[in-house]
Amino acid sequence: MKKVSVQCRHVRLSYGATEVLKDVDLDIEPGEFFALLGPSGSGKSTLLRLIAGFNRQDSGELLIDGVDISAKAPWERNIGMVFQSYALWPHLTVWDNVAFGLVERRVDKATIKQKVGAALELVGLSAFAQRRPNQLSGGQQQRVALARTIVIEPQVLLLDEPLSNLDKTLRVQMRQELLAMQRRLGLTTIFVTHDQEEAMSTADRMAVLDHGVVQQVGAPAALYDQPVNAFVANFVGTMNLLPGRVRARRGDGITLDVEGVGELQLAPAAEAPAGDRLMLSFRPHSLRMDHADAARDARHVWMPGTVEASEFLGEFTRYRVRVGSQSLAVDQAHRVGASTLPVGAAVSLGLEPSQVRLLAA
Ligand code: ADP
């Protein structure tokens, strides 16, 4: 099947006086697995429903394969959508649930047999064809919902939080299955989630939405390493933010006054936004933590701190450490036999300048 692109051009949508999508511009590549990530109420479902044809934009264009489909009804769009509540017909078998859309479209019996068989095989449920939904686990029901959508051979697959009803282990397994299936079909897929781990682990690229505004679009690692603002930095993972004042900018670097740290030299200045006040941003695991009296190397900029709290999370311990008036998150990989630093312990935090990114304050 031909892989198609999906494009939103200056899309705006309001519910009454509230503008829910504000000038949304997106370019989703043919065959891409694209995630829409954002907190609850940011407009993800509204955008997905708009692509499906259940909502209509007030202005802007919606293109599939370069053709504006805004005026088309949902059933004319050749789009498949899977919802969080997958709502299978309880009185029908798995086979009949999957065949439903084809029967409605008056497809001939032999073709239905072949297509339903193939769809069930794709989701690994061939052996369950004669069961009813209540004889299946949550994950299996979700796979039936997927098979039911795929069987009509849509050009674009829309998934609205399809895994959020499943428990954690199943969710992790299902997202890998989903991705493998998407790769086999090469189907352009748009996946809505509020779970950054889910988006990062599956998406080729993702868009982060906040209050109906696309904040940033890019590959997961690019968004994680180069967030454009504090919102993206904190939504995609955890980020420490320390306010700093610019002392001097030169061609090869920038000197900042940072609270609790003192003077800090960073390079290159070209990456720093304009303005006298900036935010230093760095990830919790990029900090080194040592006893206050331990030897300090020159590779790091060291800052004194006090342990405020700690949380043992298995793979690592997350500390909250007070530095000046700020509280920083510090992740320390866990090793067998290692003990946790107590609350009140005086520590030194080592920050590697290369791990710091400057954001507009
Ligand atoms: P998300 O999927 O990111 O949680 P939604 O797209 O569901 O966000 O909602 C975006 C905003 O639009 C929210 O403030 C929500 O309350 C509002 N909203 C959603 N649907 C409607 C509707 N049918 N009528 C009025 N407001 C709505």
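Every number for a ligand or one of its atoms is a count from 1 in the order of the listing. The chain is numbered in sequence order, starting from 1. The model shown is predicted, which means the values in this text are computed figures rather than measured ones.
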Query raised in the report: What is the closest protein heavy atom to atom 7 (O) of ligand 1, and at what distance does it sit?
Result: S45 CB, 3.8 Å
Requested in this report: Sort out for me which residue in V151, I112, I152 forms a side-chain contact (heavy atoms from CB on, under 4.5 Å) with V107.
Outcome: I112
Query raised in the report: Can you list the atoms of ligand 1 that are under 4.0 Å from a heavy atom of S42?
Result: 1 (P), 3 (O), 8 (O)
Query raised in the report: Is it true that F128 and M181 fall in one hydrophobic cluster, defined by side-chain heavy atoms closer than 4.5 Å?
Result: yes
Query raised in the report: Y224 ring centre to R283 NZ or CZ under 6.0 Å, with the angle to the axis within 45°?
Result: yes
Query raised in the report: Any side-chain donor-acceptor pair under 3.5 Å between S70 and D68?
Result: yes
Query - Distance-only side-chain donor-acceptor flag, E161 / H194, under 3.5 Å - result: yes
Query raised in the report: Is there a path of hydrophobic side-chain contacts, each under 4.5 Å between heavy atoms of I, L, V, M, F, W or Y residues, that connects L157 with F34?
Result: no
Requested in this report: Would you verify that at least one protein heavy atom lies under 4.0 Å from atom 15 (C) of ligand 1, or report that none does?
Outcome: no
**Report entry** 4.0 Å heavy-atom contact, P39 with ligand 1
**Finding:** yes
Query raised in the report: Does one side chain, of Q155 or D65, offer a donor that lies under 3.5 Å from an acceptor on the other?
Result: no
Report summary line: When distances are taken from atom 26 (N) of ligand 1, the protein heavy atom at minimum range is Y15 CD1, 3.2 Å
**Report entry** Protein heavy-atom partner closest to atom 11 (C) of ligand 1 - residue, atom, separation in Å
**Finding:** V20 CG1, 3.6 Å
Report summary line: So for T46 against ligand 1, with non-hydrogen atoms under 4.0 Å, the contacting part is both
Query raised in the report: Does any N/O atom on G41 come nearer than 3.5 Å to any N/O atom on ligand 1?
Result: yes
Report summary line: Closest to atom 3 (O) of ligand 1 among protein heavy atoms sits K44 NZ, 2.8 Å
Report task. Just need the protein heavy atom nearest to atom 8 (O) of ligand 1, so name the residue and atom and give the distance. Result -> G43 N, 3.2 Å
